Number of protein chains: 2
Amino acid sequence: MNLKQLAHMLALSQTTVSRALNGYPEVNEETRRRVMDAAKRHGYRPNPSARRLATGKSGMIGYVLPTGAAVDIDPHFVEFLSGLGDYARSHELDLVLSPADADDQETTYRRIVANRQVDAVYISSPKPQDSRVALVSTLGIPFLVHGRSEGFDFDYPYLDIDNEGAFHEAARLLVQLGHRRLALINGDDRETFAIHRQRGVRRALAASGLTLGERHVCSVVMTEENGYRATRRLLEASDAPTAIACSSLIMALGVVRAVRDLDLTIPGDVSLIAHDDVFPWLKPENFSVPLSTTRSSIRLAGARVAERLAARISGLEEGARGEVWPVDLVVRGSVAGAPA
Amino acid sequence: MNLKQLAHMLALSQTTVSRALNGYPEVNEETRRRVMDAAKRHGYRPNPSARRLATGKSGMIGYVLPTGAAVDIDPHFVEFLSGLGDYARSHELDLVLSPADADDQETTYRRIVANRQVDAVYISSPKPQDSRVALVSTLGIPFLVHGRSEGFDFDYPYLDIDNEGAFHEAARLLVQLGHRRLALINGDDRETFAIHRQRGVRRALAASGLTLGERHVCSVVMTEENGYRATRRLLEASDAPTAIACSSLIMALGVVRAVRDLDLTIPGDVSLIAHDDVFPWLKPENFSVPLSTTRSSIRLAGARVAERLAARISGLEEGARGEVWPVDLVVRGSVAGAPA
DNA sequence: CAGGAAAGCCAAAGCGCTTTGGAAGACTCT
DNA sequence: AGAGTCTTCCAAAGCGCTTTGGCTTTCCTG
């Protein structure tokens with residue numbers, strides 16, 4: 001059942017039927033009702049390929065997925081996707097993932113824009129002066145950055161959490177508890193979120209005349225194993241920290257294992273605060289010692305990203321609005337006063 | 001730059017240019033070369049919306065993503081995606097995720113097929129007599145099942161790992177080591193993979209005249225917390241098992257924590273074997289006691305699924321070919337002889 | 001009641017590609 | 001040499017929708 005058939009059976013022109021269906025004003029309300037009704041009754045659904053050819057709109061949002069044998073997709077992605085899907089579902093938006101060589105995403109961005117495959121894209125895990133952000137903002141397609149870039153002479157729309165504030169609060173708490181040597185086990189510090197977190201920790205320390213030692217900050221891919229290694233290295237050194245801030249729950253697993261391997265205890269010998277993106281399958285309160293966290297649901301962020309993208313597509317949102325979400329500090333058993 | 005312009009500048013008809021580009025035989029080799037050359041030089045790329053409207057092919061594969069506030073996307077999905085993306089990238093295939101209400105995926109399947117949004121779909125985590133498999137096979141779109149369904153009177157193409165064989169081997173090893181009371185901490189037993197794993201364990205036990213006690217098999221969503229709870233329940237009972245087979249590394253985290261909370265040890269008091277889908281961020285060899293596993297890379301499966309879907313789209317693969325991958329049993333420190 | 005505005009509808013022209021049905025010329029065969 | 005067959009190309013008809021421009025008809029207004 002296509003438009004032509006529907007129009008014919010209603011004894012109307014395609015024009016009118018199309019306009020009635022798409023809510024244009026120049027059609028009689030009663031006619032519109034008739035059309036809507038018939039469309040529903042016959043299960044008419046406009047062919048998206050055709051609509052797309054005519055309008056250039058696809059009803060899909062895009063994401064360029066960096067892939068490669070050596071590239072691992074962040075497990076957070078799944079949670080983000082849950083949220084995004086949740087919103088998208090109720091708005092009949094689809095998400096198209098365009099896999100790209102991690103070292104050459106530009107080609108793919110250009111392709112999906114030139115081809116008008118999607119109406120909008122989002123970018124995640126940006127670095128400072130991220131080339132994707134620069135590229136996409138010149139390409140003239142609606143977009144949103146999940147996270148933040150830095151160092152541009154232009155603004156862009158983004159949704160980020162207050163990473164600096166979160167780690168500032170976490171570090172401040174640890175300092176208040178008497179800790180003088182803090183360590184930060186961070187994610188890849190080429191990414192903005194990691195930079196912000198480090199900045200937050202430094203600022204909190206500086207407020208008490210302390211500093212974050214060169215050897216007390218690690219920047220690694222966020223795996224359990226890297227959490228373990230970093231912790232071993234930190235705690236086996238002569239100036240071992242008494243408190244650790246850690247950028248992910250998964251790394252925190254490794255931290256806990258390392259502490260145990262060294263016959264130390266949390267929080268007796270070392271306090272620990274980690275960032276929690278809220279996974280359904282790994283909860284900080286279930287760690288052997290309940291873990292203090294800075295908490296922010298990445299799933300909610302996914303839903304919000306979808307919502308704002310939809311708004312941008314339909315022109316309801318414009319300009320370079322940045323949105324920063326506060327982060328909760330949830331104190332549990334893994335922090336205590338500094339050992340004597 | 002569209003076909004018309006290109007044709008005009010070559011002083012050829014659109015027909016010929018189109019045919020030259022798409023490898024049709026009725027065009028002179030030299031003309032083809034000229035066309036190809038000009039196309040490349042001017043960066044001509046056929047508009048996919050138009051091609052799609054004309055051919056009905058989209059160059060995309062689809063996946064219906066069950067979503068909802070209470071629905072969590074399996075973290076395995078990300079690894080699967082890595083593999084799928086890896087293949088898709090080199091073949092300019094995109095993946096479209098169509099989020100759907102988890103309780104009504106049929107509508108979405110019908111929509112994406114009717115709309116010709118994708119050339120093929122895959123289905124994952126099937127149950128026996130899975131309605132999606134039944135539906136899709138009547139819809140006449142190329143598809144592939146990742147995993148297996150059961151109980152149909154028709155065949156369908158799938159890619160699965162030998163879950164039954166894997167858990168049979170695991171259980172057999174434990175029995176050989178003298179264990180008489182095994183437990184299975186399984187995933188949702190409405191899904192086929194869980195049924196197969198249980199079947200494998202039972203078969204191994206039966207071979208030695210043993211059985212899997214009613215209370216020794218749990219079927220839960222695969223989270224750390226559920227692994228913990230199941231283990232507490234198992235080990236605090238009077239007929240506590242001396243060995244546990246576990247369906248996921250994430251649950252195994254919980255198992256290890258529960259064992260430790262009870263002041264028991266692995267493998268002294270209880271042996272443990274878990275299934276490992278090979279995550280880059282959590283490795284069995286890094287567990288406090290290196291974990292024995294049944295191992296199968298879900299990432300490789302993703303790549304293979306993409307490859308076979310591509311083959312089906314282009315007609316290179318037909319019929320209901322089932323493919324079952326063997327699973328490695330990797331023995332590490334977490335298994336030992338049964339306690340006296 | 002003439003003139004203009006507004007409402008309601010339509011025919012037809014795209015959107016950019018593929019594919020059908022020839023046609024013209026070159027070649028083979030008897 | 002004439003008939004038949006390839007080879008190589010083309011014009012034009014879709015694919016199913018949106019949108020432009022215009023045509024009636026109705027409704028006011030002075």
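Here the structure is a predicted model, which means the values were calculated and not measured. Here is how names work: the chains are called A, B, and so on, in the same order as the sequence lines, proteins then strands, and each is numbered from 1.
For B:Arg52 and C:dG16, the CZ to C1' distance is 14 Å, given to the nearest whole Å. Regarding B:Arg51, its CZ atom lies at a distance of 5 Å from the P atom of C:dT18, rounded to whole Å. For B:Leu3 and D:dA12, the CG to C1' distance is 14 Å, given to the nearest whole Å. Atom CG in A:Asn2 sits about 12 Å away from atom P in D:dT18, given to the nearest Å. Computed from coordinates, the A:Glu29 CD to C:dC9 C1' distance equals 15 Å when rounded to whole Å. Atom CG in A:Leu53 sits roughly 12 Å away from atom P in D:dG16 (whole-Å rounding). The distance between atom NZ of A:Lys57 and atom P of C:dC15, rounded to the nearest whole Å, is 18 Å. Rounded to whole angstrom, the span from the NZ atom of A:Lys4 across to the C1' atom of C:dA11 amounts to 13 Å.
Across all strands, B:Ala11 comes closer than 4.0 Å only to sugar-phosphate atoms, never to a base (heavy-atom distances). Contacts of A:Ala20 with the nucleic acid, taken as non-hydrogen atoms under 4.0 Å apart, are absent.
With contacts defined as side-chain heavy-atom distances shorter than 4.5 Å, the pair B:Ser125/B:Asp188 does not qualify.
When ring centroids are compared, A:His91 and A:Tyr87 come within the 6.0 Å threshold. A centroid separation of 6.0 Å or more is found between the aromatic rings of A:Phe143 and A:Tyr158.
In this view, B:Glu307 and B:Arg304 satisfy the side chain to side chain donor-acceptor pair (under 3.5 Å) rule, not counting sequence neighbours. Partners of B:Glu318 under the side chain to side chain contact (heavy atoms under 4.5 Å, CB included) rule, at least two apart in sequence or in another chain, do not exist in this structure. Contacts of B:Asp155 classified as side chain to side chain contact (heavy atoms under 4.5 Å, CB included), with partners at least two apart in sequence or in another chain: B:Ala320.
Within residues 33-48 of chain A, no residue is approached by DNA chain C to less than 4.0 Å at the level of any non-hydrogen atom.
Comparing the helix axis at one end of the helix from C:dC1-D:dG30 to C:dT30-D:dA1 with that at the other, each defined from 5 consecutive pairs, gives an inter-axis angle of 40° (nearest 10°).
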Report, as a single string ordered 5' to 3', how protein heavy atoms within less than 4.0 Å touch nucleotides 19-26 of chain D: B base, S sugar-phosphate only, - not at all.
BBB-----

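Ion pair B:Asp130/B:Arg190 not flagged as a salt bridge, since none of the NZ, NE, NH1 or NH2 atoms sits closer than 4.0 Å to an Asp/Glu carboxylate oxygen. The pair B:Asp104-A:Arg89 does not count as a salt bridge, with every side-chain nitrogen at least 4.0 angstrom from each carboxylate oxygen.
Between B:Asn22 and B:Arg51, the side chains place a donor N or O and an acceptor N or O closer than 3.5 Å (distance only, hydrogens not considered).
A donor-acceptor pair under 3.5 Å is absent between the side-chain atoms of B:Asp119 and the main chain of B:Ile61, judged by distance alone.
Residue B:Thr31 places at least one side-chain N or O under 4.0 Å from the OP1 or OP2 atom of D:dC9.
By the neighbour-count criterion of 12 heavy atoms within 6.0 Å, atom CZ of A:Arg32 is densely surrounded, having more than that number from other residues, nucleotides or ligands.
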